[in-house]
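A short worksheet on the structure shown next.
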Amino acid sequence: MKLPVLLSFLLLSASPAIADDLIYLKCDVKANETTIQASTNEILEKRDLATAGFYKIDTINSRLTSDNSGDWEDITIANGIATDHFKEVENGVTSVGKAYIEFSPPGVFSMEYTASEDDISLKMVMTGTCQNTDRETAEKAMNQ
């Protein structure tokens with residue numbers, strides 16, 4: 001009789017993030033963006049950007065979504081780090097890159113990617129730090 005009571009207590013005392021197996025993060029990121037004409041290797045534009053991004057990590061199904069995409073991406077999860085290597089072609093634009101986010105405990109955010117179309121390439125390097133946020137804040141930002 002004592003075992004069912006103990007199991008019920010453990011299930012009811014789990015935090016919402018653990019119970020849902022979802023982790024919500026806010027990441028403050030700095031980015032360096034360079035636009036290059038591929039045929040001449042001429043730099044057409046350089047920009048430095050700073051932004052905050054929100055991420056939802058589904059640890060059970062090894063996937064991640066963000067306020068930028070809204071789509072779930074399959075990721076690899078190991079040792080509290082979510083890693084994504086991607087290559088996709090959409091509307092004539094080829095994107096290749098890699099990203100990782102430390103989520104347990106929250107920490108470093110890093111992403112590098114190149115997007116190219118015809119003779120133009122955009123290279124971006126992003127670095128930052130992440131911290132836990134609540135579901136309501138993240139969902140609100142992701143739905144705007």
Side-chain angles (χ1 to χ4, degrees), residues 1-38 43-144:
M1 286 303 257
K2 290 182 183 184
L3 185 58
V5 173
L6 177 62
L7 289 175
S8 297
F9 173 76
L10 289 173
L11 288 173
L12 292 173
S13 66
S15 73
I18 293 171
D20 292 341
D21 299 307
L22 297 174
I23 295 172
Y24 297 89
L25 300 172
K26 177 185 178 209
C27 301
D28 295 310
V29 178
K30 292 183 180 179
N32 299 315
E33 179 182 271
T34 306
T35 305
I36 300 168
Q37 186 169 9
I43 295 174
L44 303 175
E45 182 180 14
K46 282 185 119 173
R47 297 189 320 163
D48 291 328
L49 309 164
T51 188
F54 289 85
Y55 297 87
K56 179 169 44 173
I57 300 173
D58 177 348
T59 58
I60 294 295
N61 297 302
S62 297
R63 59 190 189 149
L64 170 142
T65 188
S66 73
D67 57 345
N68 292 330
S69 75
D71 296 329
W72 286 102
E73 298 286 332
D74 292 330
I75 57 174
T76 302
I77 294 177
N79 301 319
I81 299 172
T83 306
D84 186 18
H85 294 272
F86 55 91
K87 181 178 183 180
E88 53 191 45
V89 178
E90 188 175 321
N91 299 323
V93 177
T94 302
S95 299
V96 178
K98 60 184 175 181
Y100 76 85
I101 301 174
E102 293 177 351
F103 66 88
S104 182
V108 173
F109 174 97
S110 176
M111 181 174 8
E112 295 180 22
Y113 76 89
T114 301
S116 57
E117 180 179 21
D118 299 326
D119 194 33
I120 304 295
S121 271
L122 177 113
K123 294 184 180 191
M124 186 170 284
V125 176
M126 303 168 71
T127 58
T129 56
C130 300
Q131 58 273 347
N132 285 321
T133 190
D134 61 277
R135 177 180 178 207
E136 183 179 321
T137 302
E139 294 286 350
K140 183 177 178 182
M142 295 171 106
N143 292 322
Q144 289 184 11

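Count residues from 1 along the sequence. Worth knowing before you read on, the calculation uses all heavy atoms, side chains too, and leaves out hydrogens, waters and symmetry mates.
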Do Thr114 side-chain atoms and Val96 backbone N/O form a donor-acceptor pair below 3.5 Å? no

Of all heavy-atom pairs linking Ala115 and Ser95, the shortest is CB-OG, 3.9 Å

**OP:** For the pair Glu112 and Lys98, evaluate side-chain contact (heavy atoms from CB on, under 4.5 Å) and give the outcome as yes or no after the intermediate values.
**Re:** CA-CA 6 Å; Glu112 295 180 22; Lys98 60 184 175 181; 4.3 Å; yes

Sequence neighbours excluded, the answer for salt bridge (charged side-chain N to carboxylate O under 4.0 Å, His left out) partners of Glu88 is none

Result for ring pair (Phe, Tyr, Trp, His ring centres under 6.0 Å) between Tyr55 and one of Phe109, Tyr100, Tyr24 points to Phe109

Minimal heavy-atom distance between Asp74 and Asp84, with the atoms involved, is O-OD1, 3.5 Å

One should read off an interatomic distance between Leu22 CG and Ile57 CD1, to the nearest 0.5 angstrom, of 10.0 Å

Donor-acceptor pair, side chain of Ser121 and main chain of Ala38, under 3.5 angstrom = no

Tell me if a side-chain donor or acceptor on Glu102 pairs with a main-chain N or O of Val108 at a distance below 3.5 Å. yes

- Query: Any side-chain heavy-atom pair from Leu64 and Ile101 closer than 4.5 angstrom?
  - Reply: yes

In this structure, CE of Met124 is separated from OG1 of Thr35 (nearest 0.5 Å) by 8.5 Å

Distance col, row Asn32:CG vs Arg47:CZ, nearest 0.5 angstrom, shows 11.5 Å

**Q.** Any Leu44 side-chain heavy atom under 4.5 Å of Ile120 side chain
**A.** yes

- prompt: Ion pair present between Asp58 and Arg63, side-chain N to carboxylate O less than 4.0 angstrom?
  reply: yes

Heavy atoms of Phe103 and Ile23 approach each other most closely as CD1-CD1, 3.3 Å

dist Asp67:CG -> Lys56:NZ (nearest 0.5 Å) comes out at 11.5 Å

One should read off an interatomic distance between Ser66 OG and Glu73 CD, to the nearest 0.5 angstrom, of 8.0 Å

Residue set satisfying salt bridge (charged side-chain N to carboxylate O under 4.0 Å, His left out) with Lys123, at least two apart, ordered chain then number -> none

Checking Leu122, Asn91, Val93, Thr94 against Glu117 for side chain to side chain contact (heavy atoms under 4.5 Å, CB included), the one that qualifies is Val93

d(Glu139 CD, Thr133 OG1) to nearest 0.5 Å is 10.5 Å

Closest non-hydrogen atoms of Thr65 and Asp71, given as atom of the first, atom of the second and distance, are OG1-O, 3.1 Å

Could you check if a side-chain atom of Met111 sits within less than 4.5 angstrom of a side-chain atom of Phe86, using non-hydrogen atoms only?
yes

Quick check: do Asn132 and Leu25 have side-chain heavy atoms less than 4.5 Å from each other? yes

Check your understanding: Does atom CD of Glu45 have more than 12 heavy-atom neighbours from other groups under 6.0 Å away?
Key -> yes

